[in-house]
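Taking it in order: structure first as structure tokens, then the write-up.
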2 protein chains.
Amino acid sequence: MAKDAKPTINDVARLAGVSKKTVSRVINKSPLLNDATRSKVEAVIAEIGYVPNPQARALALRRNFLIGLIHDNPNAQMVLGVQEGILETIRDTEFALVVRPVDRHSPQLLDDIRHFIEQQRLFGVMLLPPISENDELADMCRKLGCTVVRMGSAALDKSEHLVASNDRQAVADAVFWLSELGHRRIGFIAGPQGFRSARERELGFADGMARAGLTIDPALMERGTYRFESGLAAGDRLLAVDPPPTAIFSSNDEMAAGFLHRALDKGLKVPGQISIIGFDNTATAAHIWPPLTTVQWPIKAMARAAAHKLIDPLEAASQPSIFLSDLIRRSSADAPSA
Amino acid sequence: MAKDAKPTINDVARLAGVSKKTVSRVINKSPLLNDATRSKVEAVIAEIGYVPNPQARALALRRNFLIGLIHDNPNAQMVLGVQEGILETIRDTEFALVVRPVDRHSPQLLDDIRHFIEQQRLFGVMLLPPISENDELADMCRKLGCTVVRMGSAALDKSEHLVASNDRQAVADAVFWLSELGHRRIGFIAGPQGFRSARERELGFADGMARAGLTIDPALMERGTYRFESGLAAGDRLLAVDPPPTAIFSSNDEMAAGFLHRALDKGLKVPGQISIIGFDNTATAAHIWPPLTTVQWPIKAMARAAAHKLIDPLEAASQPSIFLSDLIRRSSADAPSA
DNA sequence: TTGTAGGCGTTATCAA
DNA sequence: TTGATAACGCCTACAA
């Protein structure tokens with residue numbers, strides 16, 4: 001091999017006194033190999049620091065060692081957390097992570113993604129919510145010979161292809177905790193229709209109220225868009241109800257922040273007069289005043305598990321697929337003042 | 001070609017009645033080509049929908065059509081904004097974006113990145129602050145045959161390899177604007193030593209004060225860590241100074257949010273008694289109360305320009321490299337109350 | 001258990 | 001201006 005060229009499979013074969021194919025078998029952990037041959041080859045590999053060329057493998061196998069992360073911007077922290085989690089898993093493997101933000105309302109969504117997968121010959125893709133809820137998309141990826149793992153807030157798929165948080169239970173637990181603190185009039189700000197996460201959190205709210213033996217007052221049920229402004233609007237309405245709620249569960253932090261602003265605008269004491277719980281644990285949650293109590297997905301652990309399912313489909317079923325979320329207790333929720 | 005197989009260069013050559021090499025020349029826009037031949041080949045390409053296989057090109061050229069995004073998590077919005085900007089530029093090209101979060105304090109930082117670039121045979125890399133300030137890293141990438149573009153807050157490199165915001169001027173303008181509002185006692189929360197952005201913003205503060213004909217009171221100069229908690233601490237000290245400042249420029253939003261909390265804790269009216277300006281326009285800035293006036297980088301435009309410089313080095317010099325930031329005026333800064 | 005020949009889809013070399 | 005032939009580094013099929 002030339003001085004600065006990287007060693008190839010031919011160098012290894014020559015130095016080990018075997019054929020290329022034998023080296024190839026070692027690399028690919030073929031079972032039918034003499035142990036002595038294997039160790040001899042492995043020794044040479046270690047000695048000269050040989051690393052298989054992923055481009056050549058990609059060409060020969062017609063499959064690239066790339067994992068695609070496809071998402072429509074759920075929230076920045078989540079996306080970055082997922083990227084870091086995937087990377088922790090694929091570090092020291094030949095895989096790399098390629099990202100693909102998309103617009104889920106684009107009419108060419110499927111064509112774009114198909115082209116992306118075909119062109120890059122992706123090994124697998126990870127779908128983030130909310131587009132992970134698109135069954136047609138998942139099917140298409142599979143037809144393209146791509147392993148798929150979906151992340152979501154409920155069991156969207158078989159466990160080999162899924163990592164999900166149990167939003168329903170997390171919300172139920174949080175609401176029940178509010179009842180234990182002494183809250184009786186608990187309101188809810190739902191997410192937009194059509195989002196699975198929104199649906200699960202609604203069900204969780206109902207579960208929690210039922211478990212606490214509380215009845216749901218329709219006047220305290222609002223629906224938002226997951227955006228800050230809709231939290232403001234929900235605040236306008238909820239805080240005008242008589243008698244007022246003493247606690248609100250918001251289906252995400254952004255709306256919770258909006259609601260909180262309205263509560264402070266109206267001079268309410270938080271959490272004395274009104275407690276607030278959000279969902280997501282975004283950076284904002286920790287930086288608003290008072291700091292927001294919120295539900296947090298174990299994003300990185302989920303992403304690590306998802307990456308395992310992706311690069312090692314045989315082990316996929318043994319990786320956990322349902323993850324429990326934590327309630328991060330800060331100052332925005334406490335017992336109602338007497 | 002088989003029914004579901006993608007057409008290859010051979011199919012094009014056969015159908016057009018020319019050699020593979022000629023097709024290759026068309027693909028690569030070789031100048032020495034008969035126009036008639038070229039259009040004949042292009043017609044066939046369009047007809048059968050031929051797309052060159054990136055893996056094969058990568059093998060033959062010993063260079064992959066991948067752009068690496070290397071960063072140490074400056075802030076989530078910035079990283080995602082950059083990803084989107086790069087993607088807008090490389091959409092419909094054969095390039096893909098592969099991400100690599102790193103730990104800038106890791107002793108193996110350089111080795112890790114070297115291995116990453118060599119293994120994936122990256123075409124180019126984009127370095128985000130603060131690791132974009134690492135000259136040794138940039139040099140190494142170049143030695144590896146990788147084009148490099150750095151993003152930063154000042155002229156770190158030649159313009160072909162740089163996109164930078166003019167932080168110094170943006171801060172100076174913001175501070176001057178405060179003076180025009182009638183502020184005389186203006187404080188400053190600096191970022192941590194060793195960050196170029198922190199240094200530039202400090203210089204900008206001095207520039208703005210000088211332009212306004214104001215003197216800097218050392219008691220109103222604090223240094224933070226870019227973290228929320230350091231903003232709280234700065235608030236404790238700055239708000240205890242007598243006479244107090246009427247406005248504060250914080251070198252980032254997170255510290256501004258901390259400072260704001262302290263101000264509200266102490267019962268101060270914002271902006272009446274104390275105005276606050278931050279830097280970055282993070283999601284938090286829009287969601288705290290009152291909404292934070294802040295400086296915003298044109299992240300996406302910068303990322304688009306950077307991607308152009310990366311994939312088209314010949315045009316690199318003609319792309320802009322210095323970008324002006326905007327002051328996003330919200331409610332946290334206004335004239336001091338009389 | 002190991003090796004040989006040929007192919008994956010493209011580009012480089014060099015001659016025509 | 002074009003084309004035949006040999007890389008690029010690995011894998012599959014088949015043979016030994």
query = CG of A:Asn28 versus P of D:dA13: gap in Å, rounded?
reply = 13 Å

N/O to N/O distances under 3.5 Å, protein versus nucleotides 5-7 of chain D:
none

inquiry  = If you only use heavy atoms from C-beta on, which nucleotide in C:dT10, C:dT2, D:dC10 is closest to the side chain of B:Ile9?
reply    = C:dT10

message = With a 4.5 Å cut-off on side-chain heavy atoms, are B:Phe323 and B:Val163 touching?
response = yes

ask   = Rounding to a whole Å, what distance do you find between B:Lys40:NZ and D:dT1:P?
value = 15 Å

task = Just compare D:dA4, C:dT2, D:dC11 and give me whichever is closest to any side-chain atom of B:Ser19.
result = D:dA4

query = Do the charged groups of B:Asp11 and B:Lys6 touch, with an N to O distance under 4.0 Å?
reply = no

request  = Give the nucleotide from the list D:dG3, C:dA12, D:dC14 with an atom nearest to the side chain of B:Leu61.
outcome  = C:dA12

query = With sugar-phosphate meaning primed atoms plus P, OP1 and OP2, does B:Leu59 contact a base, only sugar-phosphate, or nothing at under 4.0 Å between heavy atoms?
reply = base

message = Tell me if a side-chain donor or acceptor on A:Asp72 pairs with a main-chain N or O of A:Ile131 at a distance below 3.5 Å.
response = no

key: Short side-chain to backbone donor-acceptor contact, A:Arg63 and A:Gly145, under 3.5 Å   = yes

Between D:dG9 (P) and A:Arg14 (CZ): distance, integer Å = 13 Å

note = A:Lys6 NZ to D:dC10 P, in whole Å, measures 10 Å

Nearest to side-chain heavy atoms of B:Asn53, which nucleotide of C:dC14, C:dT10, D:dC10 = C:dT10

task = May I ask you to decide if the ring planes of B:Phe123 and B:Phe65 are parallel, tilted or perpendicular, using 30° and 60° as cut-offs?
result = parallel

query = Can you check whether B:Glu84 reaches B:Lys300 side chain to side chain, under 4.5 Å on heavy atoms?
reply = yes

query = Side chains of B:Arg196 and B:Pro130: does their closest heavy-atom pair fall under 4.5 Å?
reply = no

note = Sorted by position of nearest nucleotide on DNA chain D, 5' first, the leading residue of B:Gly17 and A:Pro54 is B:Gly17

request  = For the residue pair B:Thr8 and B:Asn53, establish whether any side-chain heavy-atom pair is separated by less than 4.5 Å.
outcome  = no

inquiry  = Under a 4.0 Å threshold between the charged nitrogen and the carboxylate oxygen, would A:Asp112 count as salt-bridged to B:Arg91?
reply    = yes

query = Counting side-chain heavy atoms from C-beta on, which of C:dT13, D:dC11, D:dC10 comes nearest to A:Ser24?
reply = D:dC11

remark   = So, with a heavy-atom separation below 4.0 Å from DNA chain C, the residues of residues 115-125 of chain A are none

Closest to the A:Arg25 side chain, choosing from D:dT2, C:dG3, C:dT11 = C:dG3

task = Using atom CG of B:Asn64 as one end and atom C1' of C:dG9 as the other, report the distance to the nearest whole Å.
result = 14 Å

key: Side-chain (A:Asn28) to main-chain (A:Ser30) donor-acceptor, under 3.5 angstrom   = no

query = Any idea which of D:dG9, C:dT2, D:dC11 is nearest the A:Leu33 side chain?
reply = C:dT2

task = Give the rounded distance in Å between these two atoms: CD1 of A:Ile27 and P of D:dT12.
result = 11 Å

key: Distance in angstrom units between A:Arg63 CZ and C:dG9 C1', rounded   = 19 Å

ask   = Counting distance only, does the side-chain N/O of A:Gln55 pair as donor-acceptor with the main-chain N or O of B:Ala58 below 3.5 Å?
value = no

task = Side-chain contact test, heavy atoms from C-beta onward, threshold under 4.5 Å: evaluate it for B:Glu94 versus A:Gln119 and give yes or no.
result = yes

message = In this structure, how many angstroms lie between the P atom of C:dT4 and the CG atom of A:Asn10, rounded?
response = 12 Å

message = Tell me the bend of the helix from C:dT1-D:dA16 to C:dA16-D:dT1 as the angle between end helix axes, each from five pairs, rounded to the nearest 10 degrees.
response = 30°

